[in-house]
Amino acid sequence: MKAGLKGIITASVQKAVQAGSVQIPDSGKLPDIIIDRSKKDEFGDFSTNIAMLLAPLTKQPPRRIAEAVAAAASSDDAVEKCEVAGPGFINIFLKKTYWPAALADILKKGADYGKGTSGRGRKVQVEFVSANPTGPLHIGHGRGAAVGDSLANVLAAAGYEVTREFYINDRGRQIDTLGRTAFLRYHELLGRKIDLPEDSYKGDYVKDVARDFILKNGDRYVDSALDDVQKIFSDFAKKELLDRIKKDLMDFRIEFDVWYSEISLYERSLVEKAIEELRQRGFVYEEEGALWLKTTALGDDKDRVLRKAGGDMTYFASDVAYHIEKIHRGFTTVVDVWGADHHGYEGRIRAVFRAMGLDDKMLRIIFIQLVALLRDGAPVPMGKREGEFVTLRQVMDEVGADACRFFFLMRKSDAQLDFDLELAKKQAPENPVYYVQYCHARIKSIFGFAKEKGVAFLEDFDEGILKRLVEKEELDIIKHMAMFEETVEKSALHMEPHRITFYLTELAGLFHPYYSKTRVITDDAEATLARLALCKSVGTVTANGLKLLGINAPDKM
RNA sequence: GCGCCUGUAGCUCAGUGGAUAGAGCAUCGGCCUCCGAAGCCGAGGGUCGGAGGUUCGAAUCCUCUCAGGCGCACCA
């Protein structure tokens with residue numbers, strides 16, 4: 001419905017321009033029209049500041065522009081009146097007949113309500129989690145997973161064609177270290193005395209891996225030299241740990257379209273090809289035995305090594321090849337979801353896009369800030385090096401996937417997040433998770449009650465009865481629901497899925513008080529049906545929003 | 001030292017240059033004989049870290065500054 005409002009304002013601006021009362025300079029480009037719910041009822045239903053945005057362009061006073069636009073908009077069928085207020089706000093009062101139509105539109109669209117077309121089918125890749133298969137997913141990965149997955153949902157809803165991708169760092173020094181650690185744990189389990197080097201993976205999960213290795217292979221490698229069998233242990237361990245990561249993500253209800261192996265880049269010679277491509281563009285040189293990418297010419301702080309003097313390729317070289325591959329695959333936008341501790345890496349990856357002659361705006365990097373895990377307000381210690389960090393699995397098992405995802409999506413991702421385990425579990429008002437879900441369950445139960453009372457709510461009811469919804473609370477709910485499509489679009493545009501969380505909390509915050517105050521099922525048959533229609537649509541919008549967050553909309557709690 | 005992120009109510013945070021800065025929690029006081037009390041109603045709470053600047057207008061943009069977090073590898 002919001003698109004309709006935007007259309008009214010756009011047309012009105014154009015009318016004012018044609019009439020000569022607003023003069024747009026030759027460039028002729030209108031600023032984006034932004035319409036918001038009015039802050040106060042006396043400011044109408046919706047407001048726009050378009051006149052104030054046009055003022056500097058047209059060099060005309062904002063109030064005069066506003067008056068011209070408001071006059072044009074007043075003649076629109078849906079508009080009751082338009083007022084100019086303050087420095088140049090246009091306050092739009094819509095006709096009462098607009099709201100039944102808006103509500104009917106939501107009911108008609110159902111599960112599709114909220115879907116938009118602003119993405120125009122453009123291809124977007126969202127790469128997220130991409131945790132090394134050297135250990136379990138920790139809580140920070142979980143936040144990245146929730147944000148990445150929800151962002152992908154939101155982009156898809158806004159009309160983009162989305163690919164979800166997990167990049168697997170399945171080669172390099174950390175994998176070698178993993179293999180060596182597994183090798184040592186293997187010996188330990190077979191009764192040998194071992195000495196675990198400082199840079200080993202110290203978590204018990206490597207013992208689990210070694211135990212499984214024994215089940216499959218027995219003690220046949222116990223007398224082998226590490227160098228001879230390291231690859232066997234590395235391969236075994238990384239596969240097992242990746243399987244666990246996949247299992248964790250599946251239980252967190254996250255599915256990837258593509259699992260992209262770093263090794264596969266080498267198998268297809270894509271790393272060499274990428275370097276060759278960059279060499280031809282003049283950004284590759286050799287110095288002190290190493291091969292360098294001249295990223296300083298592309299906005300980075302210092303040049304970066306692609307191939308070490310010892311001959312090994314760096315992790316960066318793979319990543320260069322991977323991102324060039326993303327470009328060749330035809331994505332118009334590439335989204336990388338990274339832990340905030342990787343922000344030092346941003347410059348060199350942007351440089352790759354610039355080196356390829358592309359606008360690096362096509363790369364969007366979402367940084368996921370730290371999660372501070374609390375229990376009853378007291379911090380839960382973390383620290384991967386010691387091998388005693390809190391895993392996603394532990395938290396998910398303790399508080400449930402729904403609460404977990406909701407907490408991760410309660411804040412914008414570049415703000416630190418306090419996650420209180422006890423709070424997330426509490427079935428009490430101070431837990432924000434259930435407020436929204438309860439809204440959905442409550443509505444389902446209203447329909448259960450209606451059925452008991454023999455009140456039938458049919459899909460093809462007479463829309464005329466919706467004009468019985470005249471209470472302020474009822475209209476406020478409809479107005480908020482009318483903003484859902486806009487919210488999804490803004491969420492996609494800014495790549496901020498947490499906006500959906502806030503939107504749903506607000507919707508529930510309108511519904512619960514309404515429910516307490518107003519009886520839905522009464523002797524008045526028409527009013528009952530109209531209110532059931534309202535309830536139905538709130539349930540629909542809540543379910544649609546929760547789906548974008550990857551959270552269940554329960555019928556019962 | 002350089003770079004990035006964050007400073008908004010007691011706490012945790014919303015707030016694409018616009019109107020008198022908003023929620024939730026916590027605190028205090030009320031509400032279950034009636035569609036789910038995981039809910040509702042009411043009250044108090046603010047130098048938007050600080051200082052300049054840009055402008056009709058700044059929590060929002062720019063500069064400086066203070067505080068916290070993170071990063072500055074031929075590691076990944």
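The sequence lines fix the lettering, A, B, ..., with proteins before strands; numbering per chain opens at 1.
- The interatomic distance linking Asp303(A) (CG) with rC72(B) (P) rounds to 17 Å, in whole Å.
- An anti base is found at rC4(B): its glycosidic angle is more than 90° from 0.
- rG1(B) and rG22(B) have their P atoms separated by 40 Å, given to the nearest Å.
- Within the nucleic acid shown, Ser47(A) comes within 4.0 Å of at least one base atom, counting heavy atoms only.
- The side chain of His498(A) lies closest to rG15(B) when the candidates are rG36(B), rG15(B), rA38(B).
- The pairing partner recorded for rC56(B) is rG18(B), the criterion being a Watson-Crick or G-U wobble arrangement whose two distances lie under 3.5 angstrom.
- Considering only side-chain atoms of Tyr438(A), the nucleotide from rG71(B), rC75(B), rG39(B) that sits closest is rG39(B).
- A distance of about 38 Å separates the C1' atoms of rA14(B) and rC75(B), rounded to the whole Å.
- Atom CZ of Arg411(A) is separated from atom P of rG24(B) by 13 Å (rounded to the nearest Å).
- Between Tyr260(A) and Ile168(A), the closest side-chain pair of non-hydrogen atoms is not below 4.5 Å.
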(message) Please determine whether ring pair (Phe, Tyr, Trp, His ring centres under 6.0 Å) holds for the pair His512(A) and Tyr435(A), giving the CA-CA distance in whole Å, both sets of side-chain angles, and the decisive distance to 0.1 Å.
(response) CA-CA 9 Å; His512(A) 287 307; Tyr435(A) 193 69; 4.7 Å; yes
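- Base pairing of rU63(B) is made with rA51(B), judged by Watson-Crick or G-U wobble geometry with both donor-acceptor distances under 3.5 Å.
- Between Phe367(A) and Thr314(A), the residue anchored nearer the 5' end of RNA chain B, judged by the nucleotide with its closest heavy atom, is Phe367(A).
- For rC41(B) and rC32(B), the P atoms lie 15 Å apart once the distance is rounded to whole Å.
- With hydrogens and angles left out, the side chain of His342(A) and the base of rG71(B) share no donor-acceptor pair within 3.5 Å.
- Using a 4.0 Å heavy-atom distance criterion, Asp300(A) is classed as making no nucleic acid contact.
- With a 3.5 Å ceiling on both atom-pair distances, the Watson-Crick or G-U wobble partner of rC72(B) is rG1(B).
- In this structure, Ile365(A) atom CD1 and rC5(B) atom P are separated by 12 Å, rounded to whole Å.
- Of all nucleotides listed (rG39(B), rA19(B), rA14(B)), rG39(B) comes nearest to the side chain of Ser516(A).
- Atom P of rA58(B) sits at a distance of 14 Å from the matching atom of rG17(B), rounded to the whole Å.
- Residue Met557(A) has its side chain nearest to rA38(B) when only rG15(B), rA38(B), rA19(B) are considered.
- Of all the heavy atoms in Thr501(A) and Phe406(A), the pair that sits closest is CG2-CZ, 3.5 Å.
- Taking atom OH of residue Tyr201(A) and atom P of nucleotide rA76(B), one finds them 11 Å apart after rounding to whole Å.
- The P atoms of rA59(B) and rA21(B) are separated by 9 Å, rounded to the nearest whole Å.
- In this structure, the CZ atom of Phe46(A) is 18 Å from the P atom of rA19(B), given to the nearest Å.
- Remark: the separation of the P atoms in rA67(B) and rG50(B) is 15 Å, to the nearest Å.
- Here Ala450(A) lies out of heavy-atom contact (under 4.0 Å) with every strand.
- In this structure, Pro513(A) reaches the sugar-phosphate backbone alone: every heavy-atom distance under 4.0 Å involves primed, P, OP1 or OP2 atoms, never a base.
- In this model, no donor atom of one side chain and acceptor atom of the other lie less than 3.5 Å apart for Asn552(A) and Gln437(A).
- Ala309(A) comes within 4.0 angstrom of a nucleotide base, judged by non-hydrogen atoms across all strands.
- Residue contacts for Arg519(A): at a heavy-atom cut-off of 4.0 Å it reaches a base atom on one of the strands shown.
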(message) If you apply the rule side-chain hydrogen bond (donor to acceptor under 3.5 Å, both in side chains), what do you find for Gln174(A) with Asn132(A), and how did you get there?
(response) CA-CA 8 Å; Gln174(A) 296 199 8; Asn132(A) 291 346; 2.9 Å; yes
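- Taking atom C1' on both rU60(B) and rC48(B), the two are 10 Å apart, rounded to the nearest angstrom.
- For rC40(B) and rC25(B), the P atoms lie 8 Å apart once the distance is rounded to whole Å.
- Of the candidate nucleotides rA37(B), rA76(B), rU6(B), rA37(B) has the atom nearest to the side chain of Tyr515(A).
- RNA chain B is contacted by both Met52(A) and Gly509(A); Met52(A) maps to the nucleotide lying nearer its 5′ end (nearest heavy atom per residue).
- The distance from atom CD1 of Ile366(A) to atom P of rC4(B) is 18 Å, rounded to the nearest whole Å.
- Residues Glu262(A) and Tyr322(A) form no side-chain contact, since every pair of their non-hydrogen atoms from C-beta on lies 4.5 Å or further apart.
- Checked by atom type, the side-chain pair Asp303(A)/Tyr285(A) shows a donor-acceptor distance below 3.5 Å.
- Using a 4.0 Å heavy-atom criterion, one finds that Lys453(A) contacts no nucleic acid atom at all.
- Taking atom CD of Glu288(A) as the reference point, atom P of rA73(B) lies 15 Å away to the nearest angstrom.
- Below the 3.5 angstrom threshold, one finds no donor paired with an acceptor across the side chain of Asp341(A) and the base of rA76(B).
- Shown here, rC25(B) forms a base pair with rG10(B); the pair counts as Watson-Crick or G-U wobble because both key distances fall under 3.5 Å.
- Atom CE in Met410(A) sits about 18 Å away from atom P in rA23(B), given to the nearest Å.
- Centre separation under 5.5 Å together with a plane angle under 30° does not hold for the ring of His512(A) and the six-membered base ring of rA38(B), so they are not marked as stacked.
- In this structure, of rA76(B), rG39(B), rA19(B), it is rG39(B) that holds the atom nearest to the side chain of Tyr435(A).
- At the heavy-atom level, Thr501(A) lies nowhere under 4.0 Å from the strands shown.
- Using the Watson-Crick or G-U wobble rule with both distances under 3.5 Å, rG36(B) pairs with nothing in any strand shown.
- Between Arg63(A) and Ala85(A) the shortest heavy-atom distance is NH1-C, 3.9 Å.
- Taking all atoms of both residues into account, the shortest heavy-atom contact from Asp476(A) to Lys472(A) is OD2-NZ, 2.6 Å.
- Residue Phe502(A) has its side chain nearest to rA14(B) when only rC74(B), rA14(B), rC35(B) are considered.
- Close to rC2(B), at under 4.0 Å from its OP1 or OP2, lies no side-chain N or O of Lys302(A).
- Between rA76(B) and Lys308(A), a contact under 4.0 Å exists linking OP1 or OP2 to a side-chain N or O.
- No contact: Gly86(A) has no heavy atom under 4.0 Å from any strand.
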